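These numbers come from a predicted model, not from an experiment. Basis for what follows: all heavy atoms, side chains included, without hydrogens, waters or symmetry-related copies.
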Amino acid sequence: MTASIAGITTRRLELPLLRPWGPDVRSLALVEVVVERSDGAQGRGFSWTPSIGAAAVEAHLANDITAFALGRDADAATLWHPLWAHLHEGGSGGITTIAMAGLDLALWDLAATRAGLGITDHLGRQHETTTVYGSGVNLHYPLPELVAQVERWVAAGFDAVKVKVGSPDLADDVERIGAVRDVLGPDRRLMIDANQRWSLDQAERAISELAVFDLAWIEEPLRADDLPGHVALHERIEVPIALGENVHTRYRFAEFLGAGAADLVQPNIVRVGGITPFLEIASLAASHGADLHPHLLLELSAQLALALPGEHLVEAVEDASFEALGALDAPPPIAVEGSLVHTTGRPGLGLTFR
């Protein structure tokens with residue numbers, strides 16, 4: 001029998017952003033979770049959220065999640081579904097799954113560390129490297145600053161980049177994306193992200209004008225939970241639709257994929273509840289023939305991408321990795337070289353926070 005969960009402790013950190021994501025997003029919040037087994041072994045995970053909800057996440061972990069988990073088997077895959085069934089009356093996603101991720105990640109870290117493996121090899125390595133793309137929360141950047149950012153990505157060796165769209169005046173988006181394509185040249189991949197700013201008609205019009213710049217995908221063109229709107233938009237445009245960073249359960253991913261609303265999905269490993277549901281979503285995407293590219297969390301996403309069959313792009317938001325933010329007290333578990341990322345051999349998740 002698996003050793004049981006004997007204790008769960010949390011610690012909240014605020015990580016100021018080196019490049020604010022807007023006037024109201026100047027820091028990221030992280031809740032470190034340490035789980036202790038009945039045999040004394042420990043694992044470390046985390047929950048994460050930009051600026052909103054960290055106190056609620058920490059309280060959920062300290063109260064409802066701990067009360068349910070103590071004394072149960074310290075096995076992530078065994079615990080996740082009963083815990084979600086216990087909690088979901090208070091909300092099936094959002095705070096519920098974000099908080100659950102802290103414990104799930106800690107349990108996976110414990111298992112991999114005890115096996116003497118990094119999480120990629122513990123899950124079953126499929127690749128030695130995968131592709132990283134440059135990304136920025138940059139709609140508020142003046143055009144010269146946006147161009148300079150893209151020039152940095154090109155100089156760093158990225159073969160693909162993603163920038164924000166959704167300006168009040170579509171002509172500004174056209175000018176900005178044209179300037180970005182000029183810097184990239186014809187051979188690098190260019191993705192755009194509207195962050196849910198458009199209505200269906202606005203999205204159709206904007207994408208019809210922006211498609212001339214050879215877009216690899218349009219991300220979150222509509223409100224994230226607008227399933228009928230995404231289905232309708234998918235029928236009207238040729239540019240692939242990406243979504244999923246604000247989809248929080250495998251059941252919602254199944255609905256979007258089953259309805260043909262998206263060509264590729266982008267689950268955030270923390271927002272969906274950790275590694276256990278992330279792997280289920282990856283299998284679901286594969287069964288529908290949809291690509292999967294994890295959202296943010298470079299140091300964690302890269303390790304999981306290397307454990308999945310197929311190609312999975314990993315998002316590197318400029319100056320927003322845990323390492324760049326000074327959050328780690330040990331070398332990171334991954335290294336980026338040009339457009340490729342590989343693991344560095346650290347056991348478990350390889351993330352210990354200052």
Side-chain angles (χ1 to χ4, degrees), residues 1-6 8 32-48 69 72-84 97 100-130 132 250 267-286 292-312 314 321-323 328-336 340-353:
M1 178 178 176
T2 306
S4 62
I5 296 173
I8 299 170
E32 182 185 44
V33 179
V34 180
V35 62
E36 183 171 351
R37 286 196 324 195
S38 52
D39 61 2
Q42 289 188 341
R44 295 178 179 273
F46 66 93
S47 294
W48 164 97
R72 294 179 182 265
D73 285 357
D75 177 74
T78 300
L79 179 65
W80 199 94
H81 288 282
L83 177 59
W84 184 83
T97 47
M100 287 179 66
L103 178 55
D104 185 80
L105 292 174
L107 290 171
W108 280 106
D109 175 70
L110 191 157
T113 301
R114 293 286 283 181
L117 298 170
I119 191 64
T120 301
D121 293 304
H122 182 67
L123 294 173
R125 180 182 294 274
Q126 299 291 320
H127 312 280
E128 290 301 321
T129 63
T130 194
V132 174
R250 72 170 304 279
N268 179 291
I269 299 160
V270 167
R271 286 178 179 163
V272 300
I275 292 172
T276 300
F278 176 84
L279 295 175
E280 295 177 355
I281 293 164
S283 295
L284 182 67
L292 181 148
H293 308 305
H295 173 250
L296 292 185
L297 304 173
L298 171 65
E299 288 96 343
L300 179 60
S301 292
Q303 295 186 83
L304 296 198
L306 293 171
L308 298 176
E311 181 191 25
H312 305 279
V314 178
S321 68
F322 289 140
E323 181 184 22
L328 304 179
D329 70 358
I334 58 97
V336 176
L340 298 176
V341 61
H342 61 85
T343 56
T344 59
R346 288 182 55 78
L349 301 183
L351 296 169
T352 54
F353 298 101

Please tell me whether [X] and [Y] have a donor and an acceptor in their side chains that are separated by less than 3.5 angstrom.
X	Y	result
Thr276	Trp108	yes
Thr78	Asp73	no
His81	Glu280	yes

Quick one: does [X]'s side chain get under 4.5 Å of [Y]'s, heavy atoms only?
X	Y	answer
Trp84	Thr97	yes
Ser301	Ile269	yes
Ile334	Leu306	no
Val272	Arg250	no
Val33	Leu105	no
Leu79	Ile5	yes

Separation between [atom1] of [X] and [atom2] of [Y], rounded to the nearest 0.5 Å:
X	Y	atom1	atom2	answer
Arg37	Ser4	CZ	OG	9.5 Å
Gln126	Leu304	CD	CG	12.5 Å
Phe322	Leu328	CZ	CG	7.5 Å
Asp104	Leu83	CG	CG	9.0 Å
Arg72	Leu107	CZ	CG	13.0 Å

What are the two closest non-hydrogen atoms of [X] and [Y], and how far apart are they?
X	Y	value
Arg44	Leu349	O-CD1, 3.7 Å
Pro333	Glu299	CG-O, 4.0 Å
Arg125	Thr343	NH2-OG1, 2.8 Å
Thr130	Ala305	CG2-CB, 4.3 Å
Pro267	Ile281	CG-CG2, 4.0 Å
Ala330	Arg346	CB-NH2, 3.7 Å

Answer yes or no: is there a donor N or O on one side and an acceptor on the other, between the side chain of Trp80 and the main chain of Gly273, under 3.5 Å? yes
Under a 3.5 Å distance rule, please check whether His127 uses its side chain to pair with a backbone N or O of Gly310 as donor and acceptor. yes
Would you mind listing every salt bridge (Lys or Arg N to Asp or Glu O under 4.0 Å) that reaches into residues 109-118, with sequence neighbours excluded? Asp39-Arg114
Qualifying residue, where the test is side chain to side chain contact (heavy atoms under 4.5 Å, CB included) with Phe278 and the options are Leu292, Asn268, Leu300: Leu292
